[in-house]
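Ligands are counted one by one from 1 in listed order, and the atoms in each one are counted from 1 as well. Scope of the values below: all heavy atoms of this structure, side chains included, with no hydrogens, waters or symmetry mates. In this text, all values refer to a predicted model and were calculated from it rather than measured experimentally.
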Amino acid sequence: MIVSTRALFEHAYGKYALGAYNINNLEQAMGLFQGNMASKAPFIIQISKGARSYTNKLMLEAIIRAADQIWPDALFAVHLDHGDEQTCYDCIESGFYSSVMIDGSHLSFEENIAVTKRVADAAHPKGITVEAELGQLGGVEEHVSVAEADAKLTNPTEAKEFIERSGCDSLACAIGTSHGAFKFSGSQGLHFEVIEEIQRLCPGFPLVMHGSSSVPQDEVERINAAGGAMRGAKGVNPAEYLPAAQKGVCKINIDTDGRLVWCRVHREFFRDKPEKFDLRDPGKLFMPAYADFIASRNELLGSAGQLEAATALVKSK
Ligand code: G3H
Ligand code: 13P
Ligand code: ZN
């Protein structure tokens, strides 16, 4: 059942984080639903701008509608990941999305507030909620000074003003993570003090963590052993997911890790079976491998086992 992001956040707040997983094709969708059902977890499906144009924006919608029929007990929201203003309006008008992200993090503070407010004003009458982003995602790199690294983090006082003036419903904060498989060349620690201060200033407000893939080292080693070249790949310590959730992070975005599972399965398959060429052969291995990965993440996020209680809350509304 596709539900509102707001209701899922209400159930999760302070207890666990919803896994927000990106999808691009049907194999990912199959693994995603299987993994969430096996671990009995509510979740968020994210569709990026790139994913919408990879085939056609209607294709992923159709896949998700079909999955909703195949797994009628699944509980999830559909979210636009890193939208620009026009894509947000397109998703709001489509009637399919539970929430949209307007990513104005590259703009000035005032421009970011203005565009977020325009999107929130268009989304709210339709019951759609809006995620905004403030601060610049960036890994902790050895050559970057502490002052330089801190300047990119979300400023909690600005976050309070941003939330009050923009009308956003959740905020993606920069706390030291970055997108992709090469997040840190220096230390791996996250700046939880930023989250704590925002929560002190804005109690109860749902926060979002982007760039949360853990880039499992065994996965990277297997990819490299099967012909890959991903030396130095490093991610977030997944033991930090739950502490972040308990501090008010309701949504934890994981995309890169799923791509690593895909890459490992396909590289190993074609290395070991060079005579094969049928796309379904590695696809049959990828889907259960991705499902296992999703279930393992949900355990770490604390969302595993929450399906029944979250469904009861949503249905009571
Ligand atoms: O944050 C970005 C997500 O990982 C989506 O990536 O834009 O390549 O689809 P994408
Ligand atoms: P990763 O690259 O760490 O998976 O982050 C994904 C993300 O933030 C999507 O918005
Ligand atoms: Zn992101």
For ligand 2 and Gly180, I'd like to know whether there is a polar contact (N/O to N/O, distance under 3.5 Å). yes

Please work out whether any backbone atom (N, CA, C, O) or any side-chain heavy atom from C-beta onward of Asn253 is under 4.0 Å from ligand 1, and answer side chain, backbone, both or neither. neither

Min N/O separation Asp257 to ligand 2 under 3.5 Å: no

Have Glu85 and Tyr89 got a donor and an acceptor in their side chains that come within less than 3.5 Å? yes

Closest non-hydrogen protein atom to atom 9 (C) of ligand 2, residue and atom name please, with distance? Asp81 OD2, 3.2 Å

Report the nearest protein non-hydrogen atom to atom 2 (O) of ligand 2: residue, atom name, distance rounded to 0.1 Å. Thr256 OG1, 2.6 Å

Can you tell me if Arg259 has a non-hydrogen atom under 4.0 Å from ligand 2? no

Tell me which N, O or S atom from His210 is the closest to the Zn ion (ligand 3). ND1

Tell me whether Asp255 has any N or O atom under 3.5 angstrom from an N or O of ligand 2. yes

To atom 6 (O) of ligand 1, the nearest of His179, Arg259, Met101 on a heavy-atom basis is Arg259

Taking atom types as modelled and ignoring hydrogens, do the side chains of Ser99 and Thr5 form a donor-acceptor contact shorter than 3.5 angstrom? yes

Please confirm whether the backbone N or O of Val130 pairs with a side-chain atom of Asp169, one donor and one acceptor, at under 3.5 Å? yes

